[in-house]
Amino acid sequence: MKLGLGLSINNRIDAAWTPEKFGDDLVMWLRKDTGINESDGSSAEDGEQVTQWTDQSGEGNHMVAANNFYTYDSATGGVESADASNSRLYLATDGTKDITFTGGFAIYARMALSTISTTGGTDLFVYDSDASGSDYTRIQTSTTIRGKINGSTKFEWDFETPEADTFNNWGWERDGSNSLYFYLNNDALVRRSGTGLTDGAVSGDLVLDAIGGLFDGIFKEVIWVDRVLTSAERLKLKDYLDAL
């Protein structure tokens, strides 16, 4: 009986895991159904335009947008864009704020894609809007994710396009050795090599101020951590996101 009670307590502890467990390393947490506001500061209702998604990390890294970029989707608790042009959320619309990762990082989003640009360059979820060719990750084609850090040589991963309008967990990480990884639903994608690409470590500051851009779909949650994750943390994060 005591063993059973102990297992029950542990299960409840595991079930309560949230990104708050990252502590001071958590620099942004855009949370489902939380702090999603319209222009007058009130909580957006279904279909209303979203002008701020309030950061829950305690760091004040709220994402803001002009009217007509995103709307609140009450069915999923996320923010939706169906506009392949006006779909950016910024730390500051005038470009005065950014987050800089000098070493390891982990950047995750649970999102659904409705379409992928046929001309290439559907921004996945992060970039520097002032110098978008220097720091970014994006879906370059329907089977390739591309990125750069501090104007580096391009790096790419192969992926199998998920079913449209279904939610998946997308994650980009760099460890203490500057090795890069990309995960789709906690499965590591295969890094590409070839002419014009690097498949090695990539150092340098990653400067980010925006998510979205050329984006047709729904963001449900976005989480930025100022270090690489452990395998155990990665699994807990996957379980958390899957349960949203």
Side-chain angles (χ1 to χ4, degrees), residues 25 27-28 84 87-91 98-113 115-162 168-217 219 222-231 233-235 237-238 241:
D25 296 319
V27 296
M28 179 189 287
S87 57
R88 294 178 177 84
L89 286 159
Y90 300 94
L91 285 166
D98 58 56
I99 296 176
T100 299
F101 296 98
T102 59
F105 59 77
I107 301 172
Y108 278 78
R110 182 159 180 84
M111 64 184 184
L113 294 169
T115 60
I116 294 175
S117 171
T118 57
T119 58
T122 298
D123 281 302
L124 185 56
F125 54 88
V126 290
Y127 60 99
D128 178 4
S129 64
D130 290 333
S132 58
S134 296
D135 297 278
Y136 68 87
T137 57
R138 67 186 182 214
I139 295 180
Q140 186 67 19
T141 72
S142 60
T143 59
T144 306
I145 292 170
R146 176 178 292 178
K148 283 187 177 183
I149 293 176
N150 195 27
S152 67
T153 303
K154 298 187 294 289
F155 40 81
E156 295 183 346
W157 293 270
D158 290 320
F159 77 106
E160 184 175 343
T161 309
N168 295 276
N169 307 323
W170 305 77
W172 183 28
E173 298 191 37
R174 181 169 70 178
D175 67 16
S177 299
N178 294 319
S179 295
L180 296 174
Y181 306 91
F182 211 102
Y183 297 92
L184 179 55
N185 297 321
N186 211 33
D187 292 330
L189 302 183
V190 176
R191 185 91 171 262
R192 305 184 79 230
S193 61
T195 303
L197 299 176
T198 177
D199 57 1
V202 181
S203 61
D205 290 352
L206 176 66
V207 181
L208 303 174
D209 69 356
I211 60 177
L214 304 179
F215 180 78
D216 178 11
F219 286 107
V222 180
I223 296 143
W224 294 6
V225 182
D226 196 18
R227 60 172 173 81
V228 71
L229 305 188
T230 66
S231 57
E233 288 174 328
R234 203 172 293 118
L235 183 58
L237 179 57
K238 176 186 180 299
L241 292 172

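In this chain, numbering begins with 1 at the start of the sequence shown.
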Asks: Check the pair W224 / I211 against side-chain contact (heavy atoms from CB on, under 4.5 Å), numbers first and verdict last.
Replies: CA-CA 11 Å; W224 294 6; I211 60 177; 3.7 Å; yes
Asks: We want to know whether N185 and N168 form a side-chain donor-acceptor pair, criterion being a heavy-atom distance below 3.5 angstrom.
Replies: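 Checked: N185/N168 side chains pair up, N/O donor to acceptor below 3.5 Å.
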Asks: Would a 4.5 Å heavy-atom cut-off, applied to side chains only, mark V222 and L89 as touching?
Replies: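 Not in contact.
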Asks: Less than 4.5 Å apart, any side-chain heavy atom of D128 and any of Y136?
Replies: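 Sidechains of Y136 and D128: no contact.
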Asks: Report yes if the side chains of D130 and V207 come closer than 4.5 Å at any heavy-atom pair, otherwise no.
Replies: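 Result no, sub-4.5 Å side-chain heavy-atom pair not found.
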Asks: With a 3.5 Å distance limit and no angle check, can you tell me whether T198 reaches the backbone of F155 through a side-chain donor-acceptor pair?
Replies: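 Pair absent, no side-chain N/O of T198 close to backbone of F155.
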Asks: Closest approach of Y90 and A210, non-hydrogen atoms and distance?
Replies: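 Looking at all heavy atoms of both residues, the shortest contact is CD2-CB, 4.1 Å.
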Asks: Show the nearest heavy-atom pair for residues F215 and A112, with the distance to one decimal.
Replies: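 Where F215 meets A112 most closely, the heavy atoms are CZ-O, 4.0 Å.
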Asks: Do you know which two heavy atoms are closest between L229 and E173, and how far apart they sit?
Replies: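 For L229 versus E173, the nearest heavy atoms are N-OE1, 3.0 Å.
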Asks: Flag the pair W170 / T137 as yes when at least one side-chain heavy-atom distance between them is below 4.5 Å, and no otherwise.
Replies: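 In short, these two side chains do not touch, never coming nearer than 4.5 Å.
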Asks: Quick one: does D175's side chain get under 4.5 Å of Y181's, heavy atoms only?
Replies: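 Of all side-chain heavy-atom pairs linking Y181 with D175, at least one is under 4.5 Å.
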Asks: Could you measure the distance from the OG atom of S129 to the CG atom of D98? Nearest 0.5 Å is fine.
Replies: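 So the gap between those two atoms works out to 9.0 Å.
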Asks: Hey, is the main chain of Q140 close enough, under 3.5 Å, to the side chain of R146 for a donor-acceptor pair?
Replies: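 No: the side chain of R146 does not pair with the backbone of Q140.
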Asks: Counting C-beta onward and ignoring hydrogens, is there a side-chain heavy-atom pair between R174 and I149 closer than 4.5 Å?
Replies: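 Yes, close enough: below the 4.5 Å cut-off.
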Asks: Side chain of R191, backbone of G200: donor and acceptor closer than 3.5 Å?
Replies: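 Yes, because the side chain of R191 sits within donor-acceptor range (under 3.5 Å) of the backbone of G200.
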Asks: I'd like to know if the side chain of D158 reaches the main chain of T144, judged simply by a donor and an acceptor atom lying under 3.5 Å from each other, with no hydrogens or angles considered.
Replies: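 No, the answer is negative, given that no donor and acceptor are paired below the 3.5 Å cut-off.
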Asks: Is a donor on one side and an acceptor on the other found under 3.5 Å between the side chain of R192 and the backbone of E156?
Replies: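 A pair under 3.5 Å: no.
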Asks: Which heavy-atom pair separates L197 from T153 by the least distance, and what is that distance?
Replies: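 The answer is C-CG2, 3.8 Å.
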Asks: Can the ring centroids of F105 and W172 be said to lie less than 6.0 angstrom from one another?
Replies: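 Ring centres of W172 and F105 closer than 6.0 Å.
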Asks: Does the side chain of D205 come within less than 4.5 Å of T102's, by heavy atoms?
Replies: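 In contact.
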Asks: When you compare the side chain of N186 with that of L235, does any pair of heavy atoms fall below 4.5 Å?
Replies: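 Answer yes - side chains close enough.
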